[in-house]
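What follows is a single structure, written as structure tokens, with notes after it.
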Amino acid sequence: MKQMVRTFFAVLMVVCLLFSVVPAVNADEPKTILIFSSNVVAAGDTLTVTVSSTADQTITAGSGVITYDSAVLDYTGGAGSSLVSAGRVKFSYSGSGKTLRASITFKVKGGSGSYKIAAVECKINGQSVPGAGASITVKAGANTPSDVSHNADLTSLTVAAGELSPAFSSAVTDYTVVVPYQQTDGVLYVKTADGNAKIAFGGERNLSIGLNTRTVTVTAPDGTQKVYTIVFNRLDENGQDVSKKDAEGPTVTIDGRGYSVCATIDRETAPKSLSVLPYTYEGVEVESLSDASGKMVVLALKDEEGKQKLFRLDGSVLTPFVYVQNGDNLYVVEQLPSISEVPAGYFLTRFTIGENAVDCYRSSGDSAGRFVVLYATPPGQTSAYYRLDTAENTLQQYPDFGREIVATAQEPTVSPSRRTLGIGLLIVGAELLMAILVLGVILIIRRNKRQEEVHGQEDYWIDMDSDDPNE
């Protein structure tokens, strides 16, 4: 009996020790990931590596080091980055938000096979955080000849009306031009320095009253690009400059850039499926865009160059308003949900919609890069995964991809206080259970002892009776 009690107490102590070493879980630990412009490249390609840091609290600054094989990649630049030594590039970024990014560009020199790129020595808000690593695949035999031109300059840029300011120079890429109300055509006439360079025009050629931005992207034969930006300022019918109306509006800072909130929204460039409604922002009444539900608030912000851009207001946070017009329906592009592992056959990358780059998934088997998977919200419905045909600019719901995400999704995030409370309750419950078991053992021991005493007395009286000579 004593041996059984000793064994029970030994097991009890082991169980108590196991419950006492419950690991602490930090649901708010910041994370860093790497995003590649493409995970399969060839010699001569340009590779953009984006470091994305995310936390549940506001991030104001971050830094780290990108490590890579210098025999395969050649560092070419990136805002806030600098070459430390061969195979090491230091990066930093600042701003205010729950997600901050830094992009570094490389030129693929050569190689064949898989090569790892890693973010190390990462810090967010001055605190060290885990880094990240991922691999790219370099295809052999696609080296760009050294004699292929990299000249992406323009030698001539003219407009149909007005004068460029400043005067044109191949080295200057930003211009403004004021045109009268009667001038509605923002046609551009250009000539490239290299006759084999390709030209792509951006922005609306049909000018609205106020500021209109057009771009000329020149791509050299080796892939080098240069973008020239021309801002047309079309006067109103009275010859007035309406671009100055919003100069005194509320100002905000987003990702380190200054903006002013516009009192009016350019209806010619705004999505036609949204309604213009009055909205009071920081005590000032301005125009906003909203859907049929009236819950969505989209404001027009003017950047430092005077260009009007749309931002969605969520509580007190302003983020770029990114959407896809699919027929008569407008789909709002959302941030991708957090998952533990990208589904097999896909990789995480970025895709530009309008002027905004968004996170998306692309199939490794889609060599042409025609399709991307986005997370979007259609009118009056819940958010879901959609596949965008970039050639046709059409969206199609992608439920199979959603099920793949669910199959590999992370455990739902639990706030630290709730998780801590749950663990505490679990420990308290275990201790109560142990106390009940100990009390039960004590009662059993006492009962057995009492029974042994009673049996001993009975044996004594039986022996006495059997020895009575008068019986």
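Taken to the nearest 0.5 Å, the CD1 atom of I104 stands 9.5 Å off from the OG1 atom of T48. One finds the CD1 atom of I136 at 9.0 Å from the CZ atom of F106 (value rounded to the nearest 0.5 Å). With rounding to the nearest 0.5 Å, the separation of CZ in R101 from CZ in R350 is 4.0 Å. For the atom pair CD1 (I59) and OG1 (T54), the distance works out to 6.0 Å, reported to the nearest 0.5 Å. Atom CD of Q308 sits about 9.5 Å away from atom OG of S260, to the nearest 0.5 Å. S208 contributes atom OG, which lies 4.0 Å from atom CG of D266 (distance to the nearest 0.5 angstrom).
In this structure, N356 contributes its side chain and V322 its backbone to no donor-acceptor pair below 3.5 Å. At distances below 3.5 Å, at least one donor-acceptor pair connects side-chain atoms of T349 with backbone N or O atoms of S37. Of the possible donor and acceptor atoms, none in the side chain of K226 sits under 3.5 Å from a partner among the backbone N and O of N151. No donor-acceptor pair under 3.5 Å is formed between the side chain of T137 and the backbone N or O of V40. With S128 contributing its side chain and K123 its backbone, the two residues share no donor-acceptor pair below 3.5 Å. In this structure a side-chain-to-backbone donor-acceptor pair under 3.5 Å is present from N212 to G210. A donor-acceptor distance shorter than 3.5 angstrom exists from the side chain of N125 to the backbone of T60, with no hydrogens or angles considered. Under the 3.5 Å distance criterion, the side-chain polar atoms of T390 are matched with a main-chain donor or acceptor of R370.
Taking 4.5 Å as the limit, some side-chain heavy atom of T32 sits within range of a side-chain heavy atom of V51. Side-chain contact check for D45 versus S38: every heavy-atom pair is 4.5 Å or farther apart. Counting only heavy atoms from C-beta outward, the side chains of V252 and Y281 approach each other to under 4.5 Å. Proximity of V332 to R312: side-chain heavy atoms (C-beta onward) are separated by under 4.5 Å at one or more points. When side chains are defined from C-beta on, T251 does not count as touching V261, because their heavy atoms never get closer than 4.5 Å. The shortest side-chain heavy-atom distance between T319 and D314 does not fall under the 4.5 Å cut-off. Looking only at side-chain heavy atoms (C-beta outward), E305 and D174 stay at 4.5 Å or farther from each other. Using a 4.5 Å heavy-atom cutoff, the side chains of K272 and D328 are not in contact.
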Pair Q325-S273, side-chain contact (heavy atoms from CB on, under 4.5 Å): steps then yes or no: CA-CA 9 Å; Q325 192 73 41; S273 57; 4.1 Å; yes
V227/T173 under side-chain contact (heavy atoms from CB on, under 4.5 Å): CA gap, chis, key distance, verdict: CA-CA 7 Å; V227 180; T173 57; over 6 Å; no
Start with the C-alpha gap between I117 and F36, add the side-chain angles, then the distance that decides, and say whether side-chain contact (heavy atoms from CB on, under 4.5 Å) holds. CA-CA 10 Å; I117 300 175; F36 300 145; 4.1 Å; yes
Could you check V231 against N233 for side-chain contact (heavy atoms from CB on, under 4.5 Å), going step by step and ending with a plain yes or no? CA-CA 6 Å; V231 178; N233 186 2; 5.7 Å; no
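Between the side chains of T215 and T229, not a single donor N or O lies within less than 3.5 Å of an accepting N or O. Using modelled atom types, one finds no donor on one side chain facing an acceptor on the other under 3.5 Å when comparing S290 with Y279. In this model, a donor atom of one side chain and an acceptor atom of the other lie less than 3.5 Å apart for T76 and T105. With hydrogens and angles left out, the side-chain atoms of D222 and T224 include a donor and acceptor closer than 3.5 Å.
Nearest heavy-atom pair across C122 and P130 is CB-O, 4.3 Å. Across all non-hydrogen atoms, the minimal contact from P278 to E285 is CB-OE2, 4.0 Å. Across all non-hydrogen atoms, the minimal contact from V297 to S288 is CG1-CB, 4.2 Å. In plain terms, the two heavy atoms of G133 and K116 that are nearest each other are CA-CE, 4.1 Å. Taking each heavy atom of Y75 and S81 in turn, the nearest pair found is OH-OG, 2.8 Å. Nearest heavy-atom pair across V138 and G110 is CG1-O, 3.6 Å.
A distance below 6.0 Å separates the ring centres of Y375 and Y385. Aromatic ring centres of Y331 and Y386 lie closer together than 6.0 Å.
No more than 12 heavy atoms of other residues, nucleotides or ligands shown are found within 6.0 angstrom of NZ on K295. Heavy atoms of other residues, nucleotides or ligands lying less than 6.0 angstrom from NZ of K107 number more than 12. The 12-atom threshold is not exceeded at CD of E204, counting heavy atoms of other residues, nucleotides or ligands nearer than 6.0 Å.
Remark: of the listed residues L299, V298, I265, I265 is the sole one forming a side-chain contact (heavy atoms from CB on, under 4.5 Å) with E287.
Salt-bridge check for D366 with R387: failed, with every basic side-chain N at 4.0 Å or more from each acidic carboxylate O.
Classified by interplanar angle (parallel below 30°, tilted 30° to 60°, perpendicular above 60°), the ring pair Y228/F168 is tilted.
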